[in-house]
Enquirer: 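Encoded as structure tokens, here's the structure I'll be asking about.
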Number of protein chains: 2
Amino acid sequence: MDRAPARPRRRADAERSIERIVSAARERLSRDPDATVDDIAKAAGVGRMTVYGHFRTRPELVEAALAGALRAGEETLGGVDLGGDARDALTRLLASSWALVAESAALLTAAQDVLAPGRIRDLHGDAADRVENLVRRGQRQGVFRTDLPVAWLVSSMQYILHGAAEEIRAGRLANADATRIVTATVLSILRR
Amino acid sequence: MDRAPARPRRRADAERSIERIVSAARERLSRDPDATVDDIAKAAGVGRMTVYGHFRTRPELVEAALAGALRAGEETLGGVDLGGDARDALTRLLASSWALVAESAALLTAAQDVLAPGRIRDLHGDAADRVENLVRRGQRQGVFRTDLPVAWLVSSMQYILHGAAEEIRAGRLANADATRIVTATVLSILRR
DNA sequence: GTTATGTCGTACACGGGTGTACGAGTTAAT
DNA sequence: ATTAACTCGTACACCCGTGTACGACATAAC
């Protein structure tokens with residue numbers, strides 16, 4: 001966030017390092033929320049001191065990783081057509097992005113340990129809003145249930161996604177089946 | 001496990017201490033998987049050294065807490081009538097035990113950090129089997145879906161329960177509504 | 001080619017949790 | 001009432017991750 005326009009002066013190799021570090025942080029923190037700064041540095045093929053050269057503290061690094069994942073998510077979500085039948089829209093949304101959302105969710109729990117609650121809402125807010133709006137539209141169309149709180153419906157989707165990612169990680173679910181299974185499960189929850 | 005018949009000799013106050021410690025461990029670890037031995041000791045109204053007097057290491061304490069929770073779970077689950085229509089049976093099962101299962105799930109993730117995988121399966125195995133059998137019976141009765149793997153159906157139930165507990169903890173879900181919401185959600189997932 | 005910037009190893013101070021050692025005081029068992 | 005079991009504070013050694021300091025070397029920028 002402040003890394004783009006903060007100091008206009010930055011060398012090309014520094015740019016490259018930062019990108020590799022943030023990318024490694026996303027990858028590692030998604031698998032282990034307690035991943036060490038040293039772990040991340042190693043995964044990025046970089047010395048620990050280099051990391052501290054760009055991120056003063058570990059929380060700052062975690063925040064950058066979360067921001068990066070959310071920005072990537074925004075791009076993907078932005079390209080999905082959310083019009084038409086809400087069920088179809090949701091199916092399209094899940095097909096193109098469920099894995100990414102699930103990964104971000106894991107990273108998000110990692111962030112919850114070290115970042116202030118308000119900070120997270122700021123970064124994550126509108127991503128969640130988008131889904132919530134889609135659910136509401138489905139309700140207005142009469143295809144989604146209205147007997148449960150919207151907040152719960154959205155949350156339960158999150159938990160299903162998170163769970164599916166976990167099952168894959170543990171080898172109990174094949175990656176090929178995942179999209180179909182996740183979609184079917186989520187639609188079942190929302191169905192009127 | 002080895003605490004009952006290990007040394008037949010144990011004083012009444014020691015018995016009391018152990019019970020309070022295990023109980024406190026269940027309570028605290030369900031809220032924070034990284035709870036300190038000292039945290040647990042304080043919650044039990046006992047000195048840290050007393051804890052180490054009964055449990056040599058922290059993992060050993062975690063295991064005792066998990067075992068205690070599962071034993072309590074077995075008692076509750078054992079008292080539920082699982083006959084008749086599988087949907088009704090599942091509703092009864094959830095009504096009487098969802099909170100407990102959800103709590104144990106949180107404790108279970110705490111245990112996953114410190115215990116060997118095999119150790120957990122040993123303790124948790126038949127509790128999961130019971131639910132799985134109920135799901136299979138529902139499929140045979142034609143009231144539960146068969147287009148998704150049974151293992152996934154059971155897992156997704158777990159994740160929903162876990163999520164509901166989380167929502168309550170965060171204050172986003174009222175305890176009074178929880179049973180109804182959880183039941184409705186789970187039945188929606190299983191419905192044919 | 002000079003200079004500022006970035007890389008990164010070693011070393012260290014610090015904090016926090018774990019597990020051990022000692023020992024004095026307390027309480028149940030008989 | 002004597003004994004063995006239990007409680008529990010203080011103190012300490014240990015490990016591990018964080019963040020800082022110093023400094024040598026490499027490399028991009030001009």
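Note that the structure is a prediction, hence the values are computed from the model and not measured. Throughout, protein chains are lettered first and strands after them, A, B, ... in sequence-line order, and every chain is numbered starting at 1.
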Enquirer: Rounded to whole angstrom units, what separation is found between the CD1 atom of A/Ile40 and the P atom of D/dT18?
Expert: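 Rounded to the whole Å, the gap is 8 Å.
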Enquirer: The side chain of A/Val46 is closest to which nucleotide in this list: D/dA28, C/dG6, C/dC8?
Expert: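 Among D/dA28, C/dG6, C/dC8, the one nearest the side chain of A/Val46 is C/dC8.
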Enquirer: Please check this pair: side chain of B/Glu167 against backbone of A/Ser156, looking for a donor-acceptor N/O pair closer than 3.5 Å.
Expert: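 Checked: no pair found.
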Enquirer: Considering only side-chain heavy atoms of A/Arg58, which listed nucleotide, D/dG19, D/dC6, C/dA29, is closest?
Expert: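 From the listed options, D/dG19 comes nearest.
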Enquirer: Could you say whether A/Arg16 or A/Ala35 is positioned toward the 5' end of DNA chain D, judged by the nucleotide with the nearest heavy atom to each?
Expert: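 Whichever sits nearer the 5' end wins; that is A/Ala35.
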Enquirer: I want to verify a distance call: between D/dT18, D/dA4, D/dA28, whose nearest atom is closest to the A/Val37 side chain?
Expert: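 My answer, after comparing the listed nucleotides, is D/dT18.
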Enquirer: Taking the side chain of B/Thr57 as its heavy atoms from C-beta onward, which of D/dG19, C/dG19, C/dT18 lies nearest to it?
Expert: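 Comparing D/dG19, C/dG19, C/dT18 against the side chain of B/Thr57, the answer is C/dG19.
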Enquirer: A/Met49 has a side chain; which of D/dA5, D/dA21, C/dG19 sits nearest to it?
Expert: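 Out of D/dA5, D/dA21, C/dG19, the nucleotide with an atom closest to A/Met49's side chain is D/dA21.
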Enquirer: Whole angstroms only, please: what is the CZ-P distance between A/Phe55 and D/dG17?
Expert: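 From A/Phe55 CZ to D/dG17 P: 21 Å.
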Enquirer: Expressed as a whole number of angstroms, how long is the span from B/Asp32:CG to C/dG17:C1'?
Expert: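 Those two atoms, CG and C1', are 13 Å apart.
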Enquirer: Whole-Å distance between C/dA4 P and A/Asp13 CG?
Expert: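 Distance, rounded to whole Å: 17 Å.
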Enquirer: Where the side chain of A/Arg11 is defined as all heavy atoms beyond and including C-beta, which of D/dA28, D/dT20, D/dG17 is the nearest nucleotide?
Expert: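 Per side-chain heavy atoms of A/Arg11, the pick is D/dA28.
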Enquirer: From CG of B/Leu61 over to C1' of C/dG17, roughly how many Å is that when rounded to an integer?
Expert: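 The answer, rounded to whole Å, is 14 Å.
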Enquirer: Is the phosphate of D/dT7 approached by B/Ser17 (side-chain N or O, under 4.0 Å from OP1 or OP2)?
Expert: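 So the side chain of B/Ser17 is within the cut-off, an N or O lying under 4.0 Å from OP1 or OP2 of D/dT7.
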Enquirer: Is there a salt bridge (Lys or Arg N to Asp or Glu O under 4.0 Å) between A/Glu15 and A/Arg11? Walk through the geometry before answering.
Expert: CA-CA 6 Å; A/Glu15 206 86 44; A/Arg11 265 168 41 176; over 6 Å; no
Enquirer: Should the pair B/Glu166-B/Arg169 be classified as a salt bridge under the 4.0 Å nitrogen-to-oxygen rule?
Expert: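 Yes, this pair counts.
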Enquirer: From CD of B/Glu19 over to P of D/dC6, roughly how many Å is that when rounded to an integer?
Expert: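 Interatomic distance, CD of B/Glu19 to P of D/dC6: 16 Å.
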Enquirer: Between D/dG17, D/dT7, C/dT18, which nucleotide has the shortest distance from any of its atoms to the side chain of B/His54?
Expert: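 Among the listed nucleotides, the one closest to the side chain of B/His54 is D/dT7.
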Enquirer: Counting only side-chain heavy atoms from C-beta out, which of D/dA29, C/dG19, D/dA5 sits nearest to B/Pro59?
Expert: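 Of all the options, the side chain of B/Pro59 is nearest to C/dG19.
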Enquirer: Write down the distance between CG (B/Asp38) and C1' (C/dG19), rounded to a whole number of angstrom.
Expert: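 Value for this atom pair: 13 Å.
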Enquirer: Side chain of B/Arg48: nearest nucleotide among D/dC6, D/dT18, C/dG19?
Expert: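 For B/Arg48, the side-chain atoms sit closest to C/dG19.
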Enquirer: Can B/Glu75 and B/Arg71 be counted as an ion pair, charged N to O under 4.0 angstrom?
Expert: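 Result for this pair is no, no salt bridge flagged.
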Enquirer: Looking at A/Lys42 and A/Asp38, does any basic side-chain N land under 4.0 Å from a carboxylate oxygen?
Expert: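 Salt bridge between A/Lys42 and A/Asp38, a charged N being under 4.0 Å from a carboxylate O: yes.
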Enquirer: Round to the nearest Å and state the distance from A/Lys42 atom NZ to D/dG17 atom C1'.
Expert: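 Roughly 12 Å, once rounded to whole Å.
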